[in-house]
There are 4 protein chains.
Amino acid sequence: MERELTTAIRRPRADSLRNREKLLAAAAAVFRETGGQGTLEAVARTAGVGIGTLYRHFPTREALFEAVYRREIDQLDDLSRELAEDDDPVAALRRFLHGMVGMVATKKGMVAALAIAIDGSCDIAVYSFTTLSAAMQRLHEPAVASGRLRPDVSADDILQTVIGMCLARREDRWEGAVTRLADVFLDGLLVPEAPAMALRRESARG
Amino acid sequence: MERELTTAIRRPRADSLRNREKLLAAAAAVFRETGGQGTLEAVARTAGVGIGTLYRHFPTREALFEAVYRREIDQLDDLSRELAEDDDPVAALRRFLHGMVGMVATKKGMVAALAIAIDGSCDIAVYSFTTLSAAMQRLHEPAVASGRLRPDVSADDILQTVIGMCLARREDRWEGAVTRLADVFLDGLLVPEAPAMALRRESARG
Amino acid sequence: MERELTTAIRRPRADSLRNREKLLAAAAAVFRETGGQGTLEAVARTAGVGIGTLYRHFPTREALFEAVYRREIDQLDDLSRELAEDDDPVAALRRFLHGMVGMVATKKGMVAALAIAIDGSCDIAVYSFTTLSAAMQRLHEPAVASGRLRPDVSADDILQTVIGMCLARREDRWEGAVTRLADVFLDGLLVPEAPAMALRRESARG
Amino acid sequence: MERELTTAIRRPRADSLRNREKLLAAAAAVFRETGGQGTLEAVARTAGVGIGTLYRHFPTREALFEAVYRREIDQLDDLSRELAEDDDPVAALRRFLHGMVGMVATKKGMVAALAIAIDGSCDIAVYSFTTLSAAMQRLHEPAVASGRLRPDVSADDILQTVIGMCLARREDRWEGAVTRLADVFLDGLLVPEAPAMALRRESARG
DNA sequence: TATGAATGAGCGTTCATTCAT
DNA sequence: GATGAATGAACGCTCATTCAT
């Protein structure tokens with residue numbers, strides 16, 4: 001997007017692009033408030049354009065959904081790839097959980113994106129869940145391989161748990177609370193150290 | 001239909017009550033299949049009564065919603081009251097989580113009831129969340145008081161976590177998986193034993 | 001329809017039936033004026049009922065079409081069956097052509113019914129053309145068998161010709177003119193008598 | 001596109017005329033396939049120009065319609081003028097009927113043009129019918145004057161009959177069939193010879 | 001001048017709710 | 001009380017037409 005501004009050969013797109021962005025922002029807002037049920041009329045009105053303009057940019061509701069949510073999902077995928085480089089796999093997994101919670105709590109359309117990933121059966125829902133599942137797998141597998149994570153809880157289980165923690169929120173500023181909950185859950189996932197080793201470490205601290 | 005006109009004098013309420021029950025059952029079924037989007041015409045048809053009869057019992061869509069979901073929530077409340085009698089507060093809490101997961105996985109309208117408790121802003125949503133919050137509180141407080149549960153995670157946090165675990169499911173038969181996840185989460189909530197005590201217990205087992 | 005009035009067990013249909021009739025009349029009028037293109041909104045408005053009522057009676061445009069036009073077509077079919085009893089097959093065919101022209105010129109929805117029979121590909125169009133084709137066949141076959149009608153022009157050719165004569169009209173009162181045209185066409189279809197016989201008949205007259 | 005800006009000064013009309021022709025051809029094709037219902041966007045796309053260009057040439061849908069169909073009608077008018085030179089007026093009339101049928105069966109937009117001439121009330125419909133009426137008159141009058149044609153059937157009657165024969169067709173390749181039907185009709189229009197004369201001619205043949 | 005993005009009135013359709021029977 | 005026909009606001013979507021580039 002940024003790059004295209006420099007390749008200024010196609011000019012008559014300035015306002016069109018602006019409308020597209022306005023529509024995406026409006027859709028994110030409307031869908032967030034209505035749980036993805038908002039009318040396209042409302043999206044167009046919120047964006048300040050005619051309904052025809054919305055349909056020119058996104059010929060189906062699905063297309064708008066996809067445009068709105070794909071970018072959100074891809075950001076989580078990117079985060080997972082970064083953390084996969086980390087040396088400590090359990091720490092990387094924990095950072096991913098924290099990162100997810102942080103992004104979902106902060107970014108506008110992310111909650112709706114996750115809700116759709118869980119609930120929907122449309123193309124973007126399948127894409128979203130598949131992408132997130134792979135992202136989680138990328139960090140979960142090494143963690144299990146390290147022997148420090150219970151192997152009987154799958155990556156998808158963790159993914160759905162954290163998503164559930166983010167979605168099942170009634171209050172407003174929940175980032176801290178949910179981060180703590182994710183930590184609690186991850187603590188539960190850790191293979192208990194042999195007491196001897198725990199005792200040894202306890203002595204070292206004390 | 002014609003025949004019932006003659007019996008209508010002898011039992012003026014029996015039919016009405018039966019219709020009410022048929023409508024509630026039908027609504028639970030229809031709302032479950034459609035994610036709460038089903039038409040009232042479909043509910044009436046499923047119940048085998050006219051749309052007018054539906055409206056006599058439930059003057060708005062909202063009212064039907066409320067009646068359907070209140071009973072689901074009340075069953076969870078009942079479970080909480082039973083378990084509050086239990087001697088071991090942590091075990092009681094664990095049983096409540098298991099019971100919730102079991103009921104939600106099994107009972108027809110429960111998923112939708114929880115979704116509304118979390119998401120909605122209507123009367124029934126407020127009632128549902130308040131009721132469930134109190135139910136969880138009833139078991140959480142003694143468990144924290146026993147010193148075996150981390151005090152920095154609230155009853156509402158636990159409630160929302162378990163609800164989230166139930167809602168964020170794409171596959172079909174998830175009772176086992178989510179019960180295990182709830183256990184993992186509860187494990188994470190347990191205050192770690194002093195290593196010495198753990199060692200002692202370890203010896204006892206071996 | 002007439003008979004059902006006597007079987008007066010189902011009462012609550014009085015106004016409903018009236019609405020149905022109003023809708024059929026309105027549809028015939030609107031479709032006639034617009035060549036079958038009129039909006040359903042206009043039909044409902046013309047009938048003086050809400051659009052929802054139209055949809056309750058006729059859930060698709062096709063269903064309304066069918067209800068409007070089937071009765072028109074069936075009247076032509078009835079006429080054909082009556083005339084099939086006639087002794088003189090050519091006279092019967094001529095009477096059928098006159099009858100068609102007369103009915104089409106007089107009855108409200110008939111022109112549109114024929115237009116659809118010719119033009120449409122929907123169910124009612126197929127039904128209409130098939131029915132009319134059989135009706136014409138019923139009278140054409142004996143006429144050809146009598147040896148007095150050219151055998152190289154099919155019943156469908158005649159049918160489409162007469163329909164065409166009725167449809168291709170710009171002026172208002174065309175019954176007389178088209179009847180004469182149908183006669184001219186039928187004259188052209190007659191196998192020329194052997195001159196000797198013609199001469200003989202000529203003498204008889206003179 | 002960019003290049004043409006430099007050549008636009010040298011030939012200001014060539015492109016424009018070419019576009020006009022492309023649009024007319026595209027419109028004829030699109031209207032034929034859709035029964036006159038095609039969108040202007042589709043016409044422009046088929047022509048390979050922008051919708052704005054279409055509107056520059058034809059400021060309303062009606063104007064495009066008119067331009068498309070006028071040329072079809074004018075071809076029939078030309079045919080009539082040619083045949084008016086013929087010596088045998090009845091043969092000329094027959095040739096005109098054959099020619100009409102042939103052109104309508106073959107030429108792309110002709111069926112639609114006739115349908116509009118008959119059905120429409122717009123400018124082009126009036127022009128079309130008037131033109132065709134005059135064309136038919138030109139050939140009909142001498143034929144009637146020759147005494148060989150029934151005088152009680154008007155030129156407009158013949159015109160509408162032949163148009164009707166062409167329009168009322170459900171099958172595909174109908175040129176032969178309709179040509180025969182037109183002949184039958186014309187046969188019916190011929191003034192019957194006096195039997196004596198027929199007998200004389202019969203003898204001459206035998 | 002050519003382009004195609006923007007507009008919005010209008011159509012087909014659904015469905016919560018009302019009301020006559 | 002029960003029924004289901006009637007209503008009409010509102011939604012999804014199309015497309016003729018306008019206008020900025």
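Naming: A, B, ... by sequence-line order, numbering from 1 per chain.
Nearest-nucleotide positions on DNA chain E for D/V49 and A/V49 put D/V49 closer to the 5' end. A residue-by-residue look at B/G52 and A/Q37 shows that B/G52 has its nearest nucleotide of DNA chain F further toward the 5' end. With the nearest nucleotide of DNA chain E identified for both A/G48 and D/R56, D/R56 has the one nearer the 5' end. With DNA chain F read from its 5' end, the first of the two nearest nucleotides for D/E41 and B/E41 is the one closest to B/E41.
Atoms CZ (D/R45) and P (F/dC15) sit 10 Å apart, rounded to a whole Å. In this structure, D/K22 places its NZ atom 17 Å from P of E/dT1, rounding to the nearest Å. Look at CZ on D/F31: it is 13 Å from P on F/dC15, rounded to the nearest Å. Remark: P of F/dT17 and CZ of D/F58 are 14 Å apart, rounded to the nearest angstrom. At whole-Å resolution of the value, CZ in B/R20 and P in F/dG1 are 13 Å apart. We find that CG of C/D15 is positioned 11 Å from P of E/dA20, with the value rounded to whole Å. A straight line from OH of A/Y55 to P of F/dC13 spans 4 Å, rounded to a whole angstrom. Between the CG atom of B/L54 and the P atom of E/dA16 there is a distance of 10 Å, given to the nearest Å.
Checked against ring-ring contact (aromatic ring centres under 6.0 Å, His included), D/F65 has the following partners two or more places apart in sequence or in another chain: D/F31, D/Y69.
Considering only heavy atoms from C-beta on, B/I118 stays 4.5 Å or farther from A/L167 through its side chain.
Proximity of B/S16 to the phosphate of F/dG1: no side-chain N or O atom is located under 4.0 Å from OP1 or OP2. Within the structure, a side-chain polar atom (N or O) of C/N19 is placed less than 4.0 Å from OP1 or OP2 of F/dA6. Here A/R61 reaches the OP1 or OP2 of F/dG12: one of its side-chain N or O atoms lies under 4.0 Å away. The phosphate of F/dG1 has neither OP1 nor OP2 within less than 4.0 Å of any side-chain N or O from B/H57.
Residues A/D119 and B/R170 come closest through the heavy atom pair N-NH1, 4.3 Å.
Looking at heavy-atom distances under 4.0 Å, B/T39 makes contact with sugar-phosphate atoms alone, never a base.
Of the candidate nucleotides E/dT13, F/dG4, F/dT17, F/dG4 has the atom lying nearest to any side-chain atom of B/I51. Nearest to the side chain of A/L40, among F/dG12, E/dT13, F/dA16, sits F/dG12.
Salt bridge B/E21/B/R71: present, at least one basic N to carboxylate O contact under 4.0 Å. Looking at C/D15 and C/R18, no side-chain N of the basic residue comes within less than 4.0 Å of a carboxylate O on the acidic one, giving no salt bridge.
Nucleotide F/dC19: paired with E/dG4 (Watson-Crick or G-U wobble, both distances less than 3.5 Å).
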